[in-house]
Amino acid sequence: MQQTIKSNRMFSTSTLVKVGILSAIGYILMFISVPIPVLFPDFLKIDISDLTALLGGIALGPAAGVMIAFLKNLLQFITGMSTTGGVGELANFIIGGSFVWTVSYIYSKRRKTNSLIIGLLLGIIVMTIVGCLSNYFIMLPFYSTIMPIEAVIEMGAAINPVIVDKLSFVIWIIAPFNILKATIMSLLTLPMYKKTEKVLNRMK
């Protein structure tokens with residue numbers, strides 16, 4: 001019975017409206033990105049657009065959170081703002097979606113702050129692993145069609161001399177980048193999730 005109620009809630013018009021609003025906000029946040037040149041190459045920029053998906057997943061359930069992550073990237077692609085032909089958006093969805101799903105799924109099992117903290121910690125680990133895999137197999141091969149992979153590796157080596165190949169680039173650049181990004185989103189989520197959940201639950 002409880003599963004039926006949750007399912008109806010997930011596909012209700014109200015929930016879809018909330019998903020749409022959060023997706024639009026996430027899309028706007030994608031335009032606000034900050035490079036950290038001392039730590040990462042210029043093409044890696046920190047943005048917090050997955051924060052809306054994370055807060056939505058916490059309040060509305062894991063599937064809603066992943067849907068928000070998907071829609072904001074779809075908006076980026078169909079509005080012609082993609083600079084990677086959709087490859088970057090696909091990677092962003094896979095990486096961000098893994099984080100959102102992990103956190104919101106764990107929280108949905110026991111809606112307590114402790115569960116959220118555990119979910120965020122596990123989410124950071126999952127996002128880091130998925131980020132490394134998707135960059136190794138999707139993003140870096142894509143960038144190699146624009147510039148030689150050696151040039152990308154050199155950009156990393158200029159920051160960290162232990163980087164000598166694609167694998168070391170992923171370990172010493174991509175992994176720390178995703179750890180930092182997920183940690184920032186986690187720290188922003190903790191003071192916001194209860195208020196956001198109340199606001200979304202009041203919306204009809």
Side-chain angles (χ1 to χ4, degrees), residues 2-30 33 46-79 81-82 84 86-111 115-135 137-139 174 177-179 181-190 192-194 196-197 199-201 203:
Q2 189 175 2
Q3 283 296 115
T4 303
I5 293 173
K6 287 183 178 179
S7 177
N8 290 337
R9 182 169 176 248
M10 169 55 60
F11 295 104
S12 70
T13 301
S14 173
T15 298
L16 292 176
V17 169
K18 296 168 190 176
V19 166
I21 292 171
L22 290 171
S23 300
I25 296 172
Y27 167 68
I28 293 169
L29 289 176
M30 292 181 82
S33 57
I46 297 287
D47 74 79
I48 58 169
S49 60
D50 283 322
L51 182 63
T52 58
L54 185 56
L55 292 171
I58 289 170
L60 306 172
V66 173
M67 189 182 298
I68 294 165
F70 172 75
L71 289 175
K72 75 178 180 66
N73 282 289
L74 180 63
L75 284 170
Q76 175 89 349
F77 177 69
I78 64 177
T79 54
M81 301 307 296
S82 174
T84 61
V87 176
E89 285 70 30
L90 174 61
N92 186 286
F93 166 64
I94 293 172
I95 298 168
S98 68
F99 180 62
V100 169
W101 175 267
T102 302
V103 177
S104 53
Y105 178 78
I106 291 174
Y107 180 72
S108 70
K109 295 302 179 181
R110 188 170 180 268
R111 306 181 74 83
S115 293
L116 178 60
I117 293 172
I118 292 170
L120 290 169
L121 292 173
L122 289 176
I124 291 172
I125 295 171
V126 170
M127 180 171 168
T128 301
I129 294 171
V130 173
C132 288
L133 292 174
S134 60
N135 273 273
F137 291 107
I138 300 175
M139 286 305 296
I174 299 301
F177 175 81
N178 281 293
I179 290 171
K181 183 176 179 179
T183 300
I184 290 171
M185 287 192 292
S186 298
L187 293 175
L188 291 172
T189 296
L190 285 170
M192 294 175 63
Y193 81 97
K194 286 187 177 179
T196 304
E197 195 169 15
V199 170
L200 291 173
N201 286 334
M203 292 172 62

Is there side-chain contact between L51 and T189, with at least one heavy-atom pair below 4.5 Å?
yes
Okay, side chain of K18, backbone of G56: is any donor-acceptor separation there less than 3.5 Å?
no
About how many Å separate OG of S82 and CG of N92, when rounded to the nearest 0.5 Å?
10.5 Å
Scanning both residues in full, the closest heavy-atom pair of A69 with A53 reads N-CB, 3.8 Å
Taking only residues two or more places apart in sequence or in another chain, which ones pass side-chain contact (heavy atoms from CB on, under 4.5 Å) with I117?
T113, L121, L190
Under 3.5 Å: donor-acceptor pair, side chain of S108, backbone of Y105:
yes
For S49 and G26 the tightest heavy-atom approach is CB-O, 3.2 Å
Taken in chain and number order and not counting sequence neighbours, the residues that satisfy ring-ring contact (aromatic ring centres under 6.0 Å, His included) with F77 are none
Any side-chain donor paired with an acceptor under 3.5 Å for S186 and T183?
no
In Å, rounded to the nearest 0.5 Å, how long is the span from NZ of K181 to CZ of F99?
10.0 Å
Would you mind reporting whether Y27 and L74 have side-chain heavy atoms less than 4.5 Å apart?
no
Residues A59 and N201: closest non-hydrogen pair is O-OD1, 4.3 Å
Closest non-hydrogen atom pair between P62 and S104, with its separation:
CA-OG, 3.2 Å
For residues 50-66, which residue pairs qualify under salt bridge (Lys or Arg N to Asp or Glu O under 4.0 Å), counting only residues two or more places apart or in two chains?
D50-K72
Side-chain donor/acceptor of N135 to backbone N/O of G131, under 3.5 Å
yes
Which atom names give the shortest non-hydrogen contact between T79 and L75, and what distance separates them?
OG1-O, 2.6 Å
Holding to side-chain contact (heavy atoms from CB on, under 4.5 Å), I want the full list of residues that pass it with I138, two or more places apart in sequence or in another chain.
V87, I94, S134
Pairs where residues 51-62 contributes a residue and the test salt bridge (Lys or Arg N to Asp or Glu O under 4.0 Å) is met, not counting sequence neighbours
none
Can you see which heavy atom on A182 is nearest to which on I124, and at what distance?
CB-CG1, 3.7 Å
Contact list for residues 95-109, test salt bridge (Lys or Arg N to Asp or Glu O under 4.0 Å), sequence neighbours left out
none
If you round to the nearest 0.5 Å, how far is CD1 of I118 from OH of Y107?
13.0 Å
Considering only residues two or more places apart or on different chains, which pairs with a residue in residues 86-107 satisfy salt bridge (Lys or Arg N to Asp or Glu O under 4.0 Å)?
none
If I take atom OG from residue S98 and atom CG from residue N178, how far apart are they, to the nearest 0.5 angstrom?
8.5 Å
Close side-chain approach of V103 to L54, heavy-atom, < 4.5 Å:
yes
Does T52 have any side-chain contact (heavy atoms from CB on, under 4.5 Å) partners at least two apart in sequence or in another chain, and if so, which?
L22, I25, L29, I68
How would you list, by chain and number, every residue that makes a salt bridge (Lys or Arg N to Asp or Glu O under 4.0 Å) with E197, sequence neighbours excluded?
R111
Spatial distance of atom CE (M185) from atom CD1 (I48) [nearest 0.5 Å]:
9.0 Å
Roughly how far, to the nearest 0.5 Å, is the CG atom of L116 from the CZ atom of R110?
12.0 Å
Could you list the residues that satisfy side-chain contact (heavy atoms from CB on, under 4.5 Å) with I129, not counting sequence neighbours?
I125, L133
Among pairs that include at least one residue of residues 51-74, which meet ring-ring contact (aromatic ring centres under 6.0 Å, His included), considering only residues two or more places apart or in two chains?
F70-F93
